[in-house]
Novice: 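Pasting in a structure now, in structure tokens, and then I'll have a few things to ask.
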Amino acid sequence: MSLLKKVLFAGFISTAMLATTPSVMAKPAGKQANQSQEGVAEALDATVAAAEETLAALEAGVDMEKGLELFKTTKETSKTIESATVFAARSRAQGTLSKARSAFKKGENEQAITLMTEAVTQFKGVKDLYFNFGGDKY
């Protein structure tokens, strides 16, 4: 009887594991499994545009709430770039963007503008790297 209980328990556990595995192994929401070259190009264009918009707002003296919203939009847009070719460069640009946001939150607007200018340059570099590595624009 003890052996029968152990076999039934093992069967129950293995069935439960098989039932939950597909949902656990799924890609996170928002990720694209095979983003096309057009999709990457659109994501790159949108990211550069969002970064430039954030920089222009900083230079114009945007208020804290709107500025943080622009930083968040730029960060979320940059996450849509799904290309292994430019992953490291994208990560460096996102790091600079994060430093600019931190400086902005501290009230150091001049440093935030300097870092955001660098971030815009880096995002443009990511775009150039993608197209020069072998991706065709549309």
Novice: At what distance, to the nearest 0.5 angstrom, does CG of Leu55 lie from CZ of Phe123?
Specialist: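 Answer rounded to 0.5 Å: 12.0 Å.
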Novice: Taking it one step at a time, do Thr47 and Ser78 satisfy side-chain hydrogen bond (donor to acceptor under 3.5 Å, both in side chains)?
Specialist: CA-CA 5 Å; Thr47 299; Ser78 71; 5.6 Å; no
Novice: For Lys75 and Lys72, what are the C-alpha separation, side-chain angles and deciding distance, and is it a side-chain contact (heavy atoms from CB on, under 4.5 Å)?
Specialist: CA-CA 5 Å; Lys75 181 180 177 184; Lys72 182 177 181 181; 5.7 Å; no
Novice: Looking only at non-hydrogen atoms, find the nearest pair between Leu97 and Ala119 and report the distance.
Specialist: N-CB, 4.1 Å
Novice: Are the side chain of Arg101 and the backbone N or O of Leu68 linked by a donor-acceptor pair below 3.5 Å?
Specialist: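 Answer holds: no.
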Novice: Is there a path of hydrophobic side-chain contacts, each under 4.5 Å between heavy atoms of I/L/V/M/F/W/Y residues, joining Ile81 to Val120?
Specialist: no
Novice: If Ile, Leu, Val, Met, Phe, Trp and Tyr residues are connected whenever their side-chain heavy atoms lie under 4.5 Å apart, and connections chain through other members, are Leu70 and Leu58 in the same group?
Specialist: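 Each belongs to a different hydrophobic cluster.
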Novice: Measure the spacing between OG1 of Thr114 and CG of Asn109 and express it to the nearest 0.5 Å.
Specialist: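 Between atom OG1 of Thr114 and atom CG of Asn109 there are 10.5 Å.
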Novice: Which pair of heavy atoms, one from Glu108 and one from Gln111, lies closest together, and at what distance?
Specialist: OE1-OE1, 2.5 Å
Novice: For a 4.5 angstrom cut-off between non-hydrogen side-chain atoms, does Phe104 reach Met64?
Specialist: yes
Novice: Ala100 and Leu115: which non-hydrogen atoms are nearest, and at how many Å?
Specialist: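 Scanning both residues, the minimum pair turns out to be CB-CB, 3.6 Å.
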Novice: Linking I/L/V/M/F/W/Y whenever their side-chain heavy atoms sit closer than 4.5 Å, directly or via other members, would Leu44 and Leu129 fall into one cluster?
Specialist: yes
Novice: Can you check whether Ala50's main-chain N or O pairs, donor with acceptor, with Thr74's side chain at less than 3.5 Å?
Specialist: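 Looks like yes, one N/O pair under 3.5 Å.
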Novice: Before giving the answer on side-chain contact (heavy atoms from CB on, under 4.5 Å), spell out for Tyr130 and Gln37 the whole-Å C-alpha distance, their side-chain angles and the decisive distance to 0.1 Å.
Specialist: CA-CA 10 Å; Tyr130 178 75; Gln37 287 185 348; 3.4 Å; yes
Novice: Check for a donor-acceptor pair, side chain of Ser98 on one end and backbone N or O of Gln94 on the other, with a separation under 3.5 Å.
Specialist: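 Flag not set: sc Ser98 to bb Gln94 has no pair under 3.5 Å.
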Novice: Are any side-chain N or O atoms of Thr96 and backbone N or O atoms of Arg92, one a donor and one an acceptor, separated by less than 3.5 Å?
Specialist: yes
Novice: Is the closest side-chain heavy-atom distance between Lys124 and Glu52 below 4.5 Å?
Specialist: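 They are in side-chain contact.
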Novice: Looking only at heavy atoms, what is the nearest atom pair of Met116 and Thr54, with distance?
Specialist: CE-CB, 3.9 Å
Novice: Could you go step by step and tell me if Lys127 and Phe131 meet the side-chain contact (heavy atoms from CB on, under 4.5 Å) rule?
Specialist: CA-CA 6 Å; Lys127 184 176 176 179; Phe131 291 120; 3.6 Å; yes
